Structures are given as C-alpha cells and as structure tokens.
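Read the structure below first, then the notes.
Chain letters run A, B, ... following the sequence lines, proteins first and then strands; every chain starts at 1. Note that this is a predicted model, so its numbers are computed, not measured. Below, all heavy atoms of this structure are taken into account, side chains as well, without hydrogens, waters or symmetry copies.
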Amino acid sequence: MFKPYQSDRNFDEMLEKDGSTRAHYQDFHKVMDQFSESELREKHETAQLSFLRQGITFTVYNDNVGTERTMPFDFIPIIMPPETWTMIEKGMKQRVEALNMFLDDIYHNAEIVKDGVVPREFVEQNPYYLKKQVTGIDVPLKNHIFLAGIDLIRDQEGTYRVLEDNLRNPSGMSYVYQNRYVMRQVYPEFFNRHSIHSLEHQLSHMHEAVLDHCPINCLHEPRAVLLTPGMYNSAYYDHVFLAQQMGIELVEGRDLHVRDNIVYVKTIRGMQRVDIIYRRIDDDFLDPQVFNKDSALGVPGLMSAYKKGNVSFLNGVGNGVADDKAMYAFVPEMIRYYLKEDPIIPNVDTYFMRNIEQRKWALENLDQLVVKNVGASGGYDMLIGPHATNEEIDRFRKKIEEEPHQYIAQPTIQLSRAPAFQDGRFYPCHVDLRVFVMRGKKTNVLPGGLSRVALKEGSLVVNSSQGGGGKDTWVLKGGEDNHAEQSS
Amino acid sequence: MLSRVADSLYWMSRNIERAENNARVLGVQLIQMLEASSEETLARHDWETVLEICGSVEDFNRMYPKMSTNHLIDYLAFAENNPNSILSCIKYARENARTTRDSIPTDLFEVWNNLYLETTEMKISEGSLRDIQQFLNRVKIAALTSHGIVDSMMTRGVPYRFFNVAKWLERGEKTARILNVLNDRSTADREKADGTNYYYWRSALQLVNGYEEYLKQYPPRMNEKDILTFLISDFSFPRSIQYCMDHIRESVISLEGGRVSHYSWRIYAALDLMIDEFDERKISSLKDEGISAFLDDFQNKCNDIGRIFSETYYLVEPSKTT
C-alpha cells in the first residue's frame with residue numbers, strides 16, 4: 001500500500017517535504033487508502049486493457065516494423081488548486097499571444113529583428129523559417145497558432161517553468177479525454193469527493209475556433225477537414241478523435257485535389273470544395289510542388305491555394321521558426337517586446353553552444369547539464385549529463401564541437417515528481433504537463449492538460465515513444481472551498 | 001462521404017461477411033469430415049470443394065507440400081499470405097474499421113479490434129478440432145454482433161447503405177460460388193452411385209446455413225431443382241441470390257433518393273438485367289448441362305455489379321476501355 005516518502009531534492013505534487021499529504025490531495029489520499037492492494041491491481045489492469053480495446057494506441061517503429069502500443073496509464077492524478085490554474089491559464093495565453101505576434105511579424109516586416117531583440121541570424125538561419133514561401137501571406141485573424149501545446153515542468157521550488165513550445169502539430173489532446181474517461185469508468189469512487197473542471201464543451205469551442213479561420217475568399221458556410229498522414233502515423237488516434245468530436249471529415253492527402261487554386265475533396269458525389277484544413281502533417285510534406293518533392297502525404301498545389309486566400313491551414317505554415325529550441329530562449333523577450341508585460345511563467349535558463357563563451361563553459365560542465373539538439377523532438381538526440389556515462393558525454397562533446405549551432409544546454413532541473421502505482425507498487429516518478437491553448441476569435445485553454453509521467457524509475461524522459469505514461473489532470477473548482485460540495 | 005472512406009467501409013463489410021462465411025464453410029466441413037470418415041474418397045474431394053469455395057486450389061498447392069487436414073486448416077483459417085484466410089479477413093475488417101472510425105459506431109470498431117487482438121495472441125494446439133471450432137464460433141459471433149450493431153445503431157444514411165450493399169454483394173457472390181463449385185462436383189460424380197448427388201446438394205444448403213429453412217418449405221428430398229430455386233430465386237431466404245440482389249437494388253434506390261441519374265443508370269441496368277435472370281420458371285426449365293453455364297454466367301454478373309457499384313461511387317479508379 002501507499003507509503004509516504006521523504007522528498008527533499010525534488011518537489012512532489014502530492015507530498016510535502018516531510019512526507020505529509022498536501023492539502024489539495026488529502027481527500028484523494030483518504031479514498032485511495034480504502035482500496036486494498038488487490039483492488040488496485042485489478043483496477044490498474046482494467047484501465048490498461050480499456051485503452052487497448054478502444055484502439056487508443058500509437059505506433060512505434062523499430063527497423064521499419066510498426067508495433068501498436070498503448071500509453072501506460074497511471075491512476076494517481078495531478079491535482080491543481082484553482083489559483084494555480086488561474087496563473088497557468090494567464091501565463092499560457094500571454095505566451096502564445098506573443099509567439100503569434102512574433103510569427104506574424106517575421107513573416108511581414110520583421111520589426112523585432114530590426115529592433116535587435118532577436119538576432120537576425122537566429123531567424124534567417126533557422127531551417128523552419130520559410131521566408132520565401134510564407135512572407136507576405138495574410139492569414140485569417142492574423143492567427144498562425146490555432147492550437148499550441150506548451151510543455152511545463154516544475155523545479156525544486158515547485159515553480160512552473162516552460163520547457164518547450166509546440167506550435168506545429170502538438171498531439172495528445174485525445175489522451176486528456178481518454179485519461180479522464182478511463183478514470184471515471186474505473187475509479188469512479190474518487191469523483192464524488194471532488195469538484196473538478198469538466199472537459200465537456202471544450203471540443204465545441206475548438207470546433208468554433210476552427211471555423212473562425214474562414215479564408216478571405218470563402219463567402220459560403222466554410223467546410224473544414226482534418227488532414228492526417230493516415231493510420232500508420234503515431235498520432236492517428238488523436239486525429240480520429242478530434243475529427244470525430246468536432247464533426248469534421250478526416251481526410252488523407254489522396255482525398256484532396258487542387259484545381260485552379262481551389263481545394264476539393266473526392267466524395268462519392270464527386271468533387272466538393274474545402275475551405276479550412278486542420279492539417280496534421282508537417283510543412284515539409286504539405287505540398288510536393290513547394291516542399292519535399294517526394295511527399296506522398298501532401299497535395300500538389302495546396303500552397304498556391306493558400307497564398308490566394310482560397311483555403312486556410314491550421315496551424316499556419318512556417319510556425320517551426322518560433323518553437324525551435326534556440327528561439328525558445330527569446331520568448332521572454334518577445335513577451336516584453338510585443339505585449340510590454342513581464343512573462344508570467346518563466347523559461348528554463350538556456351545557453352547557446354554557438355556562443356563561444358557559453359560553449360566553453362558548458363563543455364566544462366557537461367556532466368551537470370542537459371544538452372538538446374535544437375531540431376530534434378520526442379526526447380531524441382539529447383544528453384542528460386548527471387545520468388550519462390563518460391562515453392556519452394564525450395560523444396556529445398564531439399557533436400557540439402562539430403555543429404555548435406545545432407545545440408543548446410540547460411541546467412538539469414530537479415523535475416517535480418508524483419507517486420505512481422505500477423506493477424503492484426507505489427513509487428515517485430517525474431512528471432510534466434502539456435497545456436493546450438486553442439485560438440480562434442477567442443482564446444481558450446483546456447483545463448488541466450496532459451500530465452506525462454516518466455514511469456521508468458529515475459528516468460527524466462516522459463515521451464510516450466520512450467516509455468512515458470499519462471495521468472489524469474484535475475483542476476479543482478472555485479475559491480474558498482476547493483473540496484467537493486457533495487462530500488459527506 | 002469521402003470516396004476513400006466509402007471504399008474502406010465497403011471492404012470492411014465485405015471482409016466481415018467473408019470471415020463469417022468462410023468460418024461457417026470450414027466449420028461445416030470439419031464436422032462432415034468426421035461423419036464421412038468411412039467414405040474416404042468423398043472426404044478428399046470435399047476438401048477440394050472447400051478450397052475452391054473459400055480460396056484457390058492452385059494457391060494451396062503452391063504453398064503446401066501435400067494435402068492434409070492440418071495444412072487445409074492452416075490455409076483457410078490462419079495463413080497470412082492467403083488474403084481470404086479467416087485471420088486475413090479479420091485483419092482487413094479491423095484495419096478498414098480503423099480508417100472509418102469516424103463513420104461507424106464505436107462498438108463496431110471495438111468488436112473487430114477485440115477479435116483481432118484476441119486472435120493475434122491465440123494459441124491453437126495443432127490438430128485440436130475443439131480449439132478450431134471455438135475460434136470459428138468466435139468469428140461467427142463477432143459477425144453476427146456486427147449485424148446487430150449496424151442494425152440497431154446506425155442511422156439509415158450513406159455509411160449504412162454502403163455497409164449493406166457490400167454485405168449483400170459478398171453474400172450473393174458466395175452463394176453463387178458454392179452452387180457453382182458443388183454443381184461441378186455433382187456433375188463429375190453423376191455416373192457414380194446414387195446418394196452422391198444427394199450429399200452435395202445437402203452440403204450446399206448447409207454451407208449457406210439454409211438447411212433448416214429449406215426443410216420448412218420443401219419435402220426432405222434433396223431435389224436439385226428445388227434447391228437451386230431456393231438458393232437462387234427465393235424472395236425471403238436472406239442468403240438467396242434473389243434476396244441479396246433485391247436488397248442491393250433497394251439500397252441503391254435509397255442512396256439515390258429514388259432517382260436515376262447520368263452516373264447511376266449503369267448500376268440500375270446491371271441489377272435489372274441480373275434480377276431478370278432469376279425467374280423461377282427459367283431455372284426449372286434449365287437442362288442439366290445448362291445449369292453449369294447458367295451459374296458461371298451468373299457469377300460473372302455478380303462480379304460486374306461489384307465493379308459497376310465501385311465505379312459509380314468512385315471507390316476505385318474507373319477501368320479504362322482500350
């Protein structure tokens with residue numbers, strides 16, 4: 001059964017330093033203590049199976065052979081007091097607003113570069129900066145970021161910090177729903193003691209936000225579709241879920257066709273016009289006439305239809321320039337520059353390996369730093385100094401010396417932890433939180449988000465492709481009394 | 001509806017029906033094999049019959065060194081490189097259900113997802129007829145459950161019609177194929193002792209699960225003409241060709257809102273031509289040697305309808321005339 005543990009090096013979501021339960025976790029803890037170990041094991045298995053049965057899987061590729069896996073689910077939720085959430089919500093809106101202004105700026109006059117806030121080379125040399133293809137395009141609502149997924153962590157003191165911005169195709173929203181669904185099905189006992197923000201209606205807000213992006217030349221009811229690479233994509237379930245819940249069609253590249261700069265979808269009644277494409281394929285694969293010539297996922301002619309204002313893409317094309325790991329360091333400056341505000345949620349300190357002094361210092365301290373490739377994601381090409389062998393450190397030293405502009409370094413943060421129950425026992429695991437920000441005419445933040453947990457004991461990597469799991473995330477309701485009204 | 005989604009729905013439905021039919025045929029055969037163990041020649045012939053109904057003798061001979069019960073079961077039930085094996089059908093049904101998840105009831109996806117997951121981990125001890133029958137039963141139940149889900153949960157809209165058209169096409173074709181194969185066998189054996197014919201025609205009824213229904217309408221004699229009439233032109237037996245074609249026609253009419261348009265007249269014409277052929281009088285006036293040609297022609301027409309249907313709704317690129 002659950003035994004509290006001392007937690008002095010890491011911030012723990014559920015426990016105080018001395019092992020006592022934090023106030024907003026006490027009701028949960030009481031209910032949890034009423035379950036026997038065998039009950040917990042049984043529920044655990046039911047929960048895992050439920051994901052498999054519903055086909056909520058992602059595909060992992062090894063030597064080109066794809067295996068379907070489920071994301072392991074852990075029943076101990078991340079619980080957030082209302083005032084914490086209010087702060088995160090504000091911080092997220094602020095950050096994404098500034099990032100969007102940045103994108104619109106650099107694809108028009110690039111004032112921020114002229115004013116010297118972001119060095120020109122960082123923009124111009126960025127492989128995701130699509131100057132030629134995107135500059136001058138006016139997107140609907142001037143909104144380049146329809147959906148952002150911002151990854152947050154908490155440091156030793158419990159301060160939330162932004163770890164990463166995902167402004168291209170953030171995935172995982174379906175998991176937020178499925179985690180909640182499974183939690184309600186398998187652990188209903190917890191819910192009558194808590195009053196938490198529901199996820200209902202969020203997807204109708206999202207649908208509204210999609211339709212807000214009507215292209216300028218669309219004078220009729222817009223038709224929106226979700227463009228997926230297909231069922232072999234690792235996020236396919238996410239695509240199915242969102243299309244289904246928003247009631248828009250799930251299409252593949254081969255379903256679309258561009259004629260005279262107008263996009264059509266092939267239906268059993270012939271070709272029909274498409275106005276808004278929520279595309280879940282990367283820029284590079286979107287249009288073989290403009291980007292990767294070998295792309296079979298995209299549709300020739302999409303970009304010219306986009307430029308003519310006959311179709312809109314969500315998210316905008318060229319967003320990669322704003323969410324890469326090097327640009328990340330400038331986001332606090334962007335917030336000050338565009339919004340004249342101080343960032344509500346800080347960054348993690350970041351050192352550039354292209355900078356000679358910072359590189360020299362970092363190479364001497366690699367065993368204490370986290371090194372990341374600015375172009376990689378999913379936890380790949382990354383060094384976690386304190387956990388690395390000498391060989392790994394040497395390998396990264398070489399890599400950095402060969403391609404310094406490819407790498408950044410950050411201090412190792414003692415990521416916060418939360419207890420997890422796996423294989424019949426409790427142990428603390430590192431967690432992070434992906435918050436989803438949806439923007440149309442209004443901006444809306446999905447209450448809570450996707451809590452990811454590194455289930456390998458001691459591991460810092462939460463990505464599902466590398467053994468990470470998920471937890472339900474609860475935002476407790478309202479001010480004075482954050483326990484349930486119904487509690488007896 | 002997207003053409004691609006319609007295409008996947010169509011193949012999902014055909015594979016569900018095919019899995020069920022093949023499971024039934026194999027199940028019936030395994031039981032008959034036990035009963036006929038004394039008449040060995042008959043039993044061996046029977047296996048070829050089943051191969052022709054559910055797959056191809058040629059493929060089988062290429063894949064296996066010799067004819068044996070275990071090889072046959074492997075080919076028909078499990079072989080991954082046989083696209084018509086029951087496991088392959090389950091896999092295709094599930095894959096197509098996965099790509100059409102946003103158009104079908106969640107329960108329908110889950111039935112085939114579960115069956116797929118179960119069967120990929122299934123252990124069947126070699127030669128255990130009990131295990132195999134259990135598996136076949138599981139497949140039949142999954143298919144029947146699907147029909148129940150579709151019937152009780154789906155709006156009578158486009159996806160529903162596509163699901164049904166595909167089901168009836170697959171079923172009608174299968175009935176035609178069974179009749180065709182058994183008729184060939186029966187003709188080949190006509191010179192032999194009495195009772196052989198009887199055996200084949202009773203098989204035909206059992207393979208389409210029509211034995212009981214047949215007995216309700218006809219005397220328990222296995223009269224060739226009666227059986228052909230029943231399986232081809234009966235209006236109320238849901239596996240007769242007539243019934244399947246009628247329902248395809250009805251579905252097309254619903255899809256088209258009762259209108260005939262420039263793109264849909266061909267499917268109407270093909271169906272009308274077909275339905276014309278099943279006149280009860282025509283069948284009873286057929287001479288013995290005419291039956292085979294009639295059934296061949298009929299199977300071709302079934303295939304034509306499938307092709308024309310696909311072309312009408314852009315499911316496949318239209319075949320080019322050269």
With B/Asp304, which residues qualify under salt bridge (charged side-chain N to carboxylate O under 4.0 Å, His left out), at least two apart? B/Arg307
Per-residue contact mode, A/Arg269 against chain B (heavy atom under 4.5 angstrom): both
Taking the side chain as everything from C-beta on, heavy atoms only, tell me whether A/Thr57 gets closer than 4.5 Å to B/Arg98. yes
Should we count CZ of B/Phe78 as having more than 12 external heavy atoms under 6.0 Å? yes
The reported gap from CG in B/Asn113 to CG in A/Leu52 (rounded to nearest 0.5 angstrom) is 6.5 Å
Which residues satisfy the side-chain hydrogen bond (donor to acceptor under 3.5 Å, both in side chains) test with A/Asp284, sequence neighbours excluded? none
Is the number of heavy atoms from other residues, nucleotides or ligands within 6.0 Å of CZ (B/Arg156) greater than 12? yes
Counting only heavy atoms from other residues, nucleotides and ligands, does the tally under 6.0 Å from CG of B/Asn81 exceed 12? yes
For B/Phe162, which atoms come within 4.5 Å of any heavy atom of chain A: side chain, backbone, both, or neither? side chain
Salt bridge (charged side-chain N to carboxylate O under 4.0 Å, His left out) partners of A/Arg184, counting only residues at least two apart: none
What parts of residues 228-241 of chain A touch chain B if we use heavy atoms and a cut-off under 4.5 Å? A/Met231, A/Tyr232, A/Tyr236, A/Tyr237, A/Val240
Sort A/Glu252 into side chain, backbone, both or neither according to what part of it lies under 4.5 angstrom from a heavy atom of chain B. both
Rounded to the nearest 0.5 Å, what separates atom CD1 in A/Ile268 from atom OH in B/Tyr263? 8.0 Å
Under 6.0 Å from the CG atom of A/Asp260, do we count more than 12 heavy atoms belonging to anything else shown? no
Mark yes when over 12 heavy atoms from residues, nucleotides or ligands other than A/His220 sit less than 6.0 Å from its NE2; otherwise mark no. yes
Where on A/Val251 is there a heavy atom nearer than 4.5 Å to chain B: the side chain, the backbone, both, or neither? both
Decide if atom NZ of A/Lys43 counts as having more than 12 heavy atoms of other residues, nucleotides or ligands within a radius under 6.0 Å. yes
Is it true that B/Arg4 and A/Glu249 make a salt bridge, defined as a side-chain N closer than 4.0 Å to a carboxylate O? no
Once you round to the nearest 0.5 Å, how far does CE of A/Met246 lie from CG of B/Asp102? 11.5 Å
Salt bridge or not for B/Glu118 and A/Arg53, using N-O below 4.0 Å? no
Rounded at 0.5 Å granularity, tell me how far CG in B/Leu2 sits from OG1 in A/Thr267. 7.5 Å
